[in-house]
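Reading through the structure tokens given below for one structure.
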Amino acid sequence: MIQVTLPDGSVRDFEADVTPYDVAKSISGSLAKKALAARIDGELRDLMRPLDGPASIEIVTSVDADGLELIRHDAAHVLAQAVQDLFPGTQVTIGPVIDDGFYYDFAREEPFSSEDFAAIENRMREIVDADYPIEREVWEKGAAIAEFERLGEVYKAQIIDDIIPAGEDITIYRQGDWFDLCRGPHLPSTGKLPKAFKLMKLAGAYWRGDSKNEMLQRLYGTAWANEKDLKAHLTRLEEAEKRDHRKLATQLDLFHLDSLAMGSVFWHPKGYQIWLQVEAYIRRRLAAEGYNEIKTPQLMDSAQWEKSGHWGKFRENMFVVPDFVPDGEGEVTVPKDAKLMAIKPMNCPAHVEVFKSGQKSYRDLPLRLAEFGCCHRNEPHGALHGIMRVRQFTQDDAHIFCREDQIISETERFCALLQSVYDDFGFTDVQVKLSTRPDVRAGSDDVWDRAEQDLEEAIRHTGLPYEIMPGEGAFYGPKLEFQLTDAIGRVWQCGTLQLDFVLPERLGAEYVAESGAKERPVMLHRAILGSMERFLGILIEEFAGAFPLWLAPVQIVVATITSEADPYAERVAEALREAGFRVEVDTRNEKINYKVREHSVQKVPVIAVVGAREAESGAVALRRFGSKAQSVVSLEDAIRDLSVEALAPDLLRAEPA
RNA sequence: GCCACCGUAGCUCAGUGGUAGAGCACACCCUUGGUAAGGGUGAGGUCACGGGUUCAAGUCCCGUCGGUGGCUCCA
């Protein structure tokens with residue numbers, strides 16, 4: 001007999017070889033029916049795997065987060081089985097659970113097509129209907145490798161060979177005549193898998209994530225506990241698509257992209273107006289924090305990039321031009337020995353030059369040099385994405401030159417500023433990553449030790465939760481990354497802080513210390529918004545194009561009801577413009593319904609309707625975006641109230657209450 | 001860069017190898033109206049680009065360019 005403790009604290013006795021399923025059944029028949037797996041002393045285990053001894057036990061069903069994960073994991077296995085049934089000769093590799101679903105990577109000569117999805121899904125449903133028991137088997141490593149090799153499954157054999165330590169056994173899960181290497185646990189049978197799954201997309205993926213390896217075919221799927229959840233998920237995806245910044249940019253006339261300038265943005269007046277508001281805001285915030293704004297060259301001698309180390313690591317991603325003036329009319333031939341200039345891919349080497357000009361004293365530190373620097377990077381073409389990943393972008397960049405003992409306080413100041421800025425834009429879901437030394441790097445190990453320790457200590461002081469990303473740092477130093485999520489759930493690096501002992505050394509930056517000796521400053525590379533393009537892309541998606549008054553490109557449209565009100569509308573617009581608003585007047589020969597609809601579709605925050613009555617009384621009828629209500633107020637009152645609302649958050653804070 | 005898919009009017013999209021289409025937007029005319037589409041007329045196209053197959057290609061084949069979704073990369 002063994003003792004089993006249930007979640008409510010009660011203890012029951014069972015036969016020694018009792019399974020979690022038996023325990024569930026002893027509680028209630030319906031629980032046994034719903035049971036997918038069990039948590040034994042906190043560890044997830046198969047429902048049919050007998051207990052080893054006394055344990056506390058919790059039955060996992062599809063309403064648990066763990067249960068959903070099991071469902072998705074099993075969906076991946078059922079997908080693999082279905083694919084191998086339908087496409088003999090296809091090899092399986094790996095198939096993990098991801099957010100909202102799963103994927104499976106297959107090796108097959110022939111490409112899959114999304115037209116195969118229906119057939120695969122049908123076969124998956126048949127496998128569920130067949131209700132094959134899913135059975136766990138323990139194999140000796142060598143035997144397992146031999147078996148997979150016999151079946152022609154070279155990838156599986158390689159996985160076992162690589163990840164399982166010698167002497168350790170592996171587990172295999174069998175369903176029907178199909179089986180796969182797997183740590184488990186799994187559902188008790190394929191019939192327990194809800195049919196609420198759907199294949200979503202097809203993509204290439206390198207074997208083991210290495211671009212030197214062959215490319216596999218990845219099938220993505222989504223899986224849920226029931227049809228309703230699946231449907232809700234699909235609806236969410238549709239809604240998210242409507243927020244896509246590329247779609248909204250077209251609808252709201254914000255910018256366009258064109259192959260004439262691949263990976264660069266043509267900003268239209270409305271889109272650029274948002275840019276200007278964001279830029280003005282961040283410029284005020286930086287000035288208030290003691291940053292000095294500068295402007296540095298777009299083209300710089302390749303020698304500087306060689307010295308900084310960028311030439312060695314990023315040459316193929318830099319746009320390089322010969323420094324050469326052709327003479328005469330004929331064909332232009334660039335001399336082989338022409339000096340090369342690079343269009344800047346980043347601002348730091350130029351900022352070091354500004355630091356180096358003239359003498360710097362310890363009294364000048366920390367020196368915070370900021371620049372809205374326009375950079376170009378020749379990115380892999382497949383990496384380009386809307387305005388989130390472009391070839392020309394502007395950073396709200398700055399470099400803080402400081403002493404080593406100022407690193408922590410400067411980092412804390414930066415984190416506080418960043419948090420305040422993100423708050424002002426309404427971003428609450430910010431992920432912080434601490435990226436440590438990469439394999440290929442500059443600087444000695446003890447410099448890296450110090451840099452990583454300092455950065456971690458600083459981020460710990462801020463109290464922000466963070467995750468460590470081993471090996472993801474910049475080549476010159478570790479970094480903090482502040483990531484935001486777009487409408488589709490993709491995560492993008494926006495803010496960053498990078499600690500750098502290397503560049504000041506390489507480019508020879510120094511200051512005169514208190515002792516009179518020359519010393520090296522430390523450099524903090526930092527950006528809050530990151531790329532203006534990317535940040536605006538995320539902002540567009542965050543607000544779904546309906547910007548708050550302070551950011552809206554057109555804040556107020558004055559729309560007339562009849563042409564008799566035209567002169568009054570012009571006077572209203574003029575008064576609003578004088579008060580600092582961005583205003584348009586709509587005196588077109590259209591009905592007011594039409595005008596209201598059009599400007600609502602354009603997500604204009606305020607529509608000021610004026611007709612004969614308003615002209616008579618000196619009033620405006622205000623209609624706010626998202627509301628059908630109208631409020632008729634005097635022009636003076638409207639200006640007074642809207643002026644406060646239109647203040648950027650930092651200016652609003654400065655306003656006397 | 002790699003894999004798959006896509007590219008038709010300003011936008012959203014139809015289009016069976018046989019004369020290039022619709023709605024919206026745009027221009028002009030009528031209509032002067034009270035809070036989400038009033039009516040009429042008209043203009044608008046190298047079907048991404050380059051080859052090929054065919055009596056005939058937007059449609060089939062090959063290539064190039066660009067976009068989308070992933071993978072790799074991201075100072």
Side-chain angles (χ1 to χ4, degrees), chain A residues 103 105 111-115 200-220 244 246-247 250-251 253 256-260 262-263 305 308-318 344-349 375 377-386 389-391 393 395 438 440-442 472-477 479 481 488 490 492-493 496 498 500 502-503 525 531 534 559-566 587-602 607-614 621-623 625 627-630 632:
Chain A
Y103 68 75
D105 286 349
F112 288 111
S113 152
S114 46
E115 280 163 27
M200 301 298 284
K201 54 199 180 189
L202 186 58
Y206 296 108
W207 166 236
R208 298 194 154 162
D210 188 333
S211 60
K212 288 196 277 294
N213 291 342
E214 56 274 37
M215 183 153 277
L216 306 172
Q217 298 187 63
R218 177 171 296 178
L219 285 168
Y220 283 93
D244 189 306
R246 293 160 300 191
K247 224 167 225 172
T250 308
Q251 282 162 18
D253 196 18
H256 81 268
L257 298 161
D258 191 280
S259 55
L260 282 173
M262 200 218 318
W305 302 106
S308 71
H310 292 98
W311 198 261
K313 190 154 172 20
F314 294 110
R315 168 68 186 87
E316 61 279 15
N317 299 311
M318 289 164 73
K344 67 175 169 186
M346 53 186 333
N347 307 299
C348 33
C375 298
R377 294 177 186 177
N378 200 354
E379 303 279 13
H381 289 192
L384 299 176
H385 177 88
R389 185 84 183 267
V390 287
R391 301 207 295 179
F393 57 96
Q395 290 171 302
V440 182
R441 59 180 180 264
E472 297 292 318
F475 75 87
Y476 48 69
K479 63 178 182 181
E481 279 183 50
I488 308 169
R490 283 179 288 214
W492 300 93
Q493 178 191 311
T496 183
Q498 299 164 16
D500 183 2
V502 175
L503 259 195
H525 308 239
S531 133
R534 175 177 294 178
T560 51
I561 293 169
T562 71
S563 53
E564 282 168 24
D566 287 0
T587 54
R588 287 176 306 171
N589 178 11
E590 295 291 351
K591 291 192 174 178
I592 192 61
N593 293 26
Y594 182 90
K595 296 183 186 180
V596 166
R597 172 182 159 76
E598 184 151 299
H599 300 117
S600 298
V601 168
Q602 287 296 307
I607 303 175
V609 175
V610 296
R613 296 205 296 263
E614 287 76 16
L622 299 182
R623 178 183 167 125
F625 177 76
S627 160
K628 288 189 165 128
Q630 321 164 23
V632 179

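Being a predicted model, the structure only gives us computed values, none of them experimental. Note on naming: letters A, B, ... go to the chains in the order of the sequence lines (proteins, then strands), and numbering restarts at 1 for each one.
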Nearest listed nucleotide, side chain of Thr562(A), among A36(B), U32(B), G38(B): U32(B)
Donor + acceptor pair across side chains of His599(A), Arg623(A) (<3.5 Å): no
Under 3.5 Å donor-acceptor pair, Tyr206(A) side-chain atoms to G70(B) base atoms: no
When rounded to whole Å, the CD to C1' distance for the pair Glu590(A) and C28(B) reads 13 Å
Indicate, with a heavy-atom threshold strictly under 4.0 Å, whether Ala383(A) touches base, sugar-phosphate, or nothing. base
Length of the line joining Glu115(A):CD and C5(B):P, which is rounded to integer Å: 9 Å
Taking the ring centre of each residue, are Phe475(A) and His310(A) less than 6.0 Å apart? yes
Ignoring backbone atoms, establish whether His381(A) has a side-chain N or O less than 4.0 Å from OP1 or OP2 of G1(B). yes
A43(B) pairs with, by Watson-Crick or G-U criteria that keep both distances under 3.5 Å: none
Presence of Arg218(A) side-chain N/O under 4.0 Å of A4(B) phosphate oxygens OP1/OP2: no
Taking the side chain from Glu598(A) and the backbone from Lys595(A), do they hold a donor-acceptor pair closer than 3.5 Å? no
Complement of G34(B), any strand, by Watson-Crick or G-U distances under 3.5 angstrom: none
Could you let me know what C60(B) is paired to, Watson-Crick or G-U wobble, both distances under 3.5 Å, or none if it's on its own? G52(B)
Separation of the P atoms in U8(B) and G40(B), to the nearest angstrom: 29 Å
Examine G69(B): is either OP1 or OP2 under 4.0 Å from a nitrogen or oxygen in the side chain of His385(A)? Give yes or no. yes
Tell me the partner of A4(B), counting only Watson-Crick (N1-N3 plus N6-O4 or O6-N4) or G-U wobble (N1-O2 and O6-N3) with both under 3.5 Å; none if nothing fits. U68(B)
Below 4.5 Å, heavy atoms only, C-beta onward: do Asn317(A) and Pro345(A) meet side chain to side chain? no
Asp210(A)/Arg208(A) ion pair, N-O < 4.0 Å: no
Spacing of Gln493(A) atom CD and Glu472(A) atom CD [to the nearest 0.5 Å]: 10.5 Å
Rounded to whole Å, NZ of Lys628(A) lies from C1' of A36(B) at a distance of 7 Å
Which whole-number value in Å describes the distance from Leu219(A) CG to C3(B) C1'? 12 Å
Considering only A75(B), G33(B), A36(B), which nucleotide approaches the side chain of Ile561(A) most closely? G33(B)
Rounded distance in Å - CG (Asn317(A)) to C1' (U72(B)): 12 Å
Base, sugar-phosphate, or nothing for Asp258(A), non-hydrogen atoms under 4.0 angstrom? nothing
Determine: side-chain N/O of Lys479(A) to OP1/OP2 of A75(B), distance under 4.0 Å, yes or no. yes
Centroid distance below 5.5 Å plus an interplanar angle below 30 degrees: do Phe314(A) and A75(B) meet both conditions? yes
Taking any heavy-atom pair under 4.0 Å as a contact, classify Arg246(A): base, sugar-phosphate, or nothing. sugar-phosphate
Can you identify which nucleotide, out of G66(B), A36(B), C26(B), has its nearest atom closest to the Met262(A) side chain? G66(B)
Is a donor-acceptor contact shorter than 3.5 angstrom present between the side chain of Glu614(A) and the base of G34(B)? yes
Does the pair Met262(A) and His381(A) meet the rule for a side chain to side chain contact (heavy atoms under 4.5 Å, CB included), with working shown? CA-CA 9 Å; Met262(A) 200 218 318; His381(A) 289 192; 3.4 Å; yes
Rounded distance in Å between the P positions of A25(B) and A20(B): 27 Å
Nearest-Å distance once atom P is located in both A9(B) and G58(B): 14 Å
When you compare C65(B) with U53(B), how far apart are their P atoms, in angstrom units rounded to a whole number? 23 Å
G18(B) versus U59(B) - spacing of their P atoms, nearest Å: 11 Å
Whole-angstrom distance between C6(B) and G63(B), as gauged at atom P: 15 Å
Length of the line joining Asp566(A):CG and G33(B):P, which is rounded to integer Å: 13 Å
Ignoring backbone atoms, test whether Tyr220(A) places a side-chain nitrogen or oxygen under 4.0 Å from the OP1 or OP2 oxygen of C3(B). no
Regarding A75(B), can its base be found pairing with the side chain of Arg441(A) as donor and acceptor, where the two atoms are less than 3.5 Å apart? no
Taking N and O atoms by type only, does the side chain of Arg389(A) place a donor or acceptor under 3.5 Å from a partner on the base of C74(B)? yes
I need the minimum non-hydrogen distance between Leu202(A) and Ser114(A), along with the two atoms involved. CD2-N, 3.9 Å
Complement of C73(B), any strand, by Watson-Crick or G-U distances under 3.5 angstrom: none
When all nucleic acid strands are considered with a 4.0 Å heavy-atom cut-off, which category describes Gly309(A): base, sugar-phosphate, or nothing? nothing
Between Ala621(A) and Phe475(A), who's closer to the 5' end of RNA chain B by nearest nucleotide? Ala621(A)
Residue Met215(A), side-chain atoms from C-beta onward, closest of C71(B), G34(B), U35(B): C71(B)
Answer with base, sugar-phosphate or nothing: what part of the nucleic acid does Gly312(A) contact at a heavy-atom distance below 4.0 Å? nothing
Just call it for Arg490(A): base, sugar-phosphate, or nothing, with non-hydrogen atoms closer than 4.0 Å on any strand. sugar-phosphate
Between atom CG in Leu384(A) and atom C1' in G1(B), what is the gap in whole Å? 11 Å
Spacing of Gln602(A) atom CD relative to C24(B) atom P, expressed in whole Å: 17 Å
Neighbour count above 12 (heavy atom, 6.0 Å) for Glu564(A) CD: no
Side-chain contact, heavy-atom cut-off 4.5 Å: Met346(A) with Phe314(A)? no
Distance between the P atoms of C29(B) and G21(B), in whole angstroms? 28 Å
For C13(B), the nucleotide meeting Watson-Crick or G-U wobble distances (both under 3.5 Å) is G21(B)
Glu598(A) near the nucleic acid: base, sugar-phosphate alone, or nothing, with a heavy-atom cut-off under 4.0 Å? nothing
From A37(B), A75(B), G34(B), nucleotide with atom closest to Arg597(A) side chain: A37(B)
C1' atoms of A36(B) and G17(B), separation to the nearest Å: 45 Å
For G69(B), take OP1 and OP2 only and decide whether either is under 4.0 Å from a side-chain N or O of Lys201(A). no
Both Val632(A) and Ala205(A) contact RNA chain B. Which one's nearest nucleotide lies toward the 5' end? Val632(A)
